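Quantities reported herein were computed from a predicted structural model and do not represent experimental measurements.
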Amino acid sequence: MTVASMTGYARAEGRDAQGSWVWEAKSVNGRGLELRLRLPPGLDALDPIAREAAARVLKRGNIQLSLNLTAASEAPMVRINAALVRQLAGLAAELAPLYPHVQPASWDGLLAVKGVLEPVGAEDEDSPDKRQAREAAIKDSLIQVLDQLALMRLSEGQRIKAVLLDQLAEISTLSERAGGTAALRPEAVKERLRVQLAAIVEAQPSLIDERIAQEVALLAVKADIREELDRLRAHVGAARELLAAGGAVGRKLDFLSQEFNREANTLCSKAQDVELTRIGLDLKAVIDQFREQVQNIE
């Protein structure tokens with residue numbers, strides 16, 4: 001399985017003696033699978049078939065599926081009803097002596113009589129067999145357009161997957177940089193705590209040792225971003241596993257992008273120097289880009 005996008009377009013055509021048809025399918029992002037179907041009059045029976053076929057190959061997205069029919073434009077072939085012509089000619093010969101003032105029958109007159117000229121195949125143009133054959137051909141084109149749409153979404157999904165993996169690599173790099181900043185080195189942390197503790201004692205000299213210990217512990221927690229960095233690394237690993245597994249992972253990736261953003265926000269709030277703040281802002285920018293791309297994943 002691989003990752004699929006929710007955007008795509010496909011078109012499939014078909015033709016028979018009665019005319020031609022075109023299926024068009026367009027897909028955009030959606031929270032679930034929603035199919036909007038437009039069919040010509042008389043083909044409503046295709047509605048459940050189309051919905052079932054779409055659900056087999058697509059999991060999420062707003063799908064617009066339409067069928068357009070065009071009747072054959074060629075002039076129909078005709079044939080002469082020879083039996084009717086003989087009957088009319090015989091009647092004309094019998095009546096001619098009785099009505100001498102009437103012009104004799106001519107070919108253009110005979111051909112103008114209703115039923116003398118017949119369209120070839122008119123008797124079975126709308127036969128059950130032909131209707132079934134046409135409906136079967138239209139269904140085949142329906143399956144074809146949905147398969148083409150799914151393939152296009154898979155192709156676009158591969159492109160998005162590559163972008164997401166690059167962004168995850170950047171998140172991982174920035175997390176490592178955050179963990180290696182000078183502000184997090186033991187001597188720097190101790191010095192910052194010493195300065196902050198001195199300021200607390202100077203402001204409130206009467207603080208007891210237990211309270212001072214509590215304040216020191218609180219300052220240490222606020223300065224420690226190891227937990228946030230550990231969670232960022234875990235989220236990166238989980239996102240890579242989802243992309244490798246493939247399938248309908250868009251919702252899970254969207255949840256992870258929210259977790260990424262939460263950890264980046266906490267990291268920025270704990271930042272004690274300019275370097276770490278910049279890294280935190282860069283993390284937030286990459287995570288926003290990651291989440292935008294995830295919105296396109298099925």
Side-chain angles (χ1 to χ4, degrees), residues 1-16 18-70 128-165 167-168 238-259 290-298:
M1 296 180 70
T2 186
V3 173
S5 169
M6 284 191 286
T7 59
Y9 171 81
R11 175 187 174 97
E13 301 180 6
R15 177 181 294 276
D16 62 9
Q18 300 178 55
S20 61
W21 59 87
V22 176
W23 281 103
E24 284 189 308
K26 300 177 184 178
S27 173
V28 295
N29 299 352
R31 294 182 61 84
L33 180 61
E34 181 179 350
L35 178 62
R36 298 179 181 178
L37 193 58
R38 185 167 61 86
L39 297 171
L43 290 176
D44 294 337
L46 287 174
D47 187 293
I49 296 172
R51 294 185 185 279
E52 181 181 354
R56 281 199 300 266
V57 296
L58 308 171
K59 302 304 178 186
R60 289 179 66 199
N62 289 327
I63 317 298
Q64 294 183 358
L65 187 61
S66 62
L67 172 63
N68 294 307
L69 298 179
T70 303
D129 289 344
K130 283 200 170 184
R131 285 199 305 271
Q132 291 178 5
R134 185 169 218 229
E135 289 175 2
I138 292 175
K139 290 176 187 177
D140 289 342
S141 297
L142 167 64
I143 302 303
Q144 181 183 351
V145 76
L146 289 172
D147 286 344
Q148 288 178 3
L149 179 63
L151 286 174
M152 177 172 284
R153 285 166 46 125
L154 285 173
S155 176
E156 178 66 10
Q158 288 300 98
R159 186 194 66 79
I160 296 175
K161 178 181 177 180
V163 173
L164 291 176
L165 288 173
Q167 291 168 341
L168 288 172
R240 285 172 172 162
E241 289 177 1
L242 286 172
L243 290 172
V249 296
R251 291 183 183 275
K252 294 179 180 179
L253 288 172
D254 185 51
F255 173 76
L256 275 177
S257 67
Q258 297 177 45
E259 295 300 307
F290 179 84
R291 189 173 186 181
E292 287 178 2
Q293 292 294 332
V294 164
Q295 301 307 310
N296 299 316
I297 293 294
E298 183 179 65

Cationic N near anionic O, under 4.0 Å, [X] to [Y]:
X      : Y      : value
Arg153 : Glu156 : no
Arg56  : Glu52  : yes
Arg11  : Glu24  : yes

Atom pair [atom1]/[atom2] of [X] and [Y] - distance to nearest 0.5 Å:
X      : Y      : atom1 : atom2 : value
Leu43  : Lys139 : CG    : NZ    : 10.5 Å
Thr7   : Asn62  : OG1   : CG    : 12.0 Å
Asn296 : Arg159 : CG    : CZ    : 8.0 Å
Leu253 : Leu168 : CG    : CG    : 8.5 Å
Gln293 : Ser5   : CD    : OG    : 9.5 Å
Asp254 : Glu259 : CG    : CD    : 11.0 Å

Inset, instruction - Start with the C-alpha distance between Leu149 and Ile63, add both sets of side-chain angles, then the distance that settles side-chain contact (heavy atoms from CB on, under 4.5 Å), and finish with yes or no. - result: CA-CA 10 Å; Leu149 179 63; Ile63 317 298; 4.2 Å; yes
Considering all heavy atoms, the nearest [X]-[Y] contact:
X      : Y      : value
Gln295 : Met6   : O-CE, 3.2 Å
Phe290 : Gln167 : CA-OE1, 3.1 Å
Leu33  : Ala55  : CD2-CA, 3.8 Å
Ala50  : Leu37  : CB-CD2, 3.8 Å
Ala12  : Ser141 : CB-O, 3.6 Å
Arg60  : Gly30  : NH2-O, 3.2 Å

Taking the side chain as every heavy atom from C-beta outward, state whether [X] and [Y] have any atom pair closer than 4.5 Å.
X      : Y     : answer
Leu142 : Leu67 : no
Arg38  : Gln64 : no
Gln144 : Trp23 : no
Ile138 : Leu69 : yes

Legend entry - Under 3.5 Å donor-acceptor, Arg51 side chain and Leu35 backbone: yes
Inset, instruction - Determine yes or no for a side-chain-to-main-chain donor-acceptor pair under 3.5 angstrom, with Ser155 supplying the side chain and Met152 the backbone. - result: no
Legend entry - Any donor-acceptor N or O pair under 3.5 Å, side chains Glu13, Ser20: no
Legend entry - Test log, rule side-chain contact (heavy atoms from CB on, under 4.5 Å), inputs Leu58 and Ser27: CA-CA 10 Å; Leu58 308 171; Ser27 173; 5.8 Å; no
Legend entry - Worked check of side-chain contact (heavy atoms from CB on, under 4.5 Å) between Leu165 and Arg240: CA-CA 7 Å; Leu165 288 173; Arg240 285 172 172 162; 4.3 Å; yes
Legend entry - side-chain contact (heavy atoms from CB on, under 4.5 Å) partner of Leu164, chosen from Val3, Val294, Leu242: Val294
